[in-house]
Amino acid sequence: QVQLVESGGGLAQAGGSLRLSCVASGKLFGLPLMGWYRQTPGKQRELVATASRDGCHTYADAVKGQFHIFRDPGKTAVELQVDNLEPEDTALYYCNAMWSETEQFWGPGTQVTVSS
């Protein structure tokens, strides 16, 4: 079993920044694709950013230039720097580690709340 633990969420003012962290542990068979997703009540979970094991990053269009994902090559830890926060960024942010569509794991989530 794989465990993911997120940290770094909290309350921030609009225009502020937060840095989210996620560490994977347990039975890790190779290096997964790791990423961040977010979800607000009544909406589907949406992709924010991913980082592959060889350093390739992808971002949702809505966060390009605002969020930045970091991952050391060969590591199963990932961070998300979120800058210029807006109230619309308020959500529960989840860390994901994926080896395949059927072999992926989620953290419990870390809440980010942005006040205007």
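Reckoned from all heavy atoms, side chains included, excluding hydrogens, waters and symmetry mates.
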Smallest separation among heavy atoms of Leu4 and Ala97, with atom names: CD1-N, 3.7 Å
Beyond-backbone contact of Phe67 with Val48, side-chain heavy atoms, under 4.5 angstrom: yes
Check: Thr40 side chain, Lys43 main-chain N or O, donor-acceptor pair, under 3.5 Å: no
Glu6 to Gly109 - nearest heavy-atom pair and separation: OE1-N, 2.8 Å
Donor-acceptor contact below 3.5 Å, side chain Arg71 vs main chain Ala51: yes
Residue Arg45 excluded, over 12 heavy atoms near CZ under 6.0 Å: yes
Donor on one side chain, acceptor on other, Thr113 and Thr90, under 3.5 Å: no
Tyr93 and Arg38 side chains, donor-acceptor separation under 3.5 Å: yes
Check: Gln66 side chain, Val63 main-chain N or O, donor-acceptor pair, under 3.5 Å: no
For Ser17 against Asn84, the heavy-atom pair lying closest together: OG-N, 4.2 Å
Ser115 and Gln13: CA distance, side-chain angles, deciding distance, side-chain hydrogen bond (donor to acceptor under 3.5 Å, both in side chains) verdict: CA-CA 5 Å; Ser115 62; Gln13 290 188 331; 5.0 Å; no
ring-ring contact (aromatic ring centres under 6.0 Å, His included) involving Tyr94 - partner list, sequence neighbours excluded: none
Ring centre gap for Tyr37 and Trp106 strictly below 6.0 Å: yes
Counterpart residues, side-chain contact (heavy atoms from CB on, under 4.5 Å), relative to Asp61 (two or more places apart): Lys64
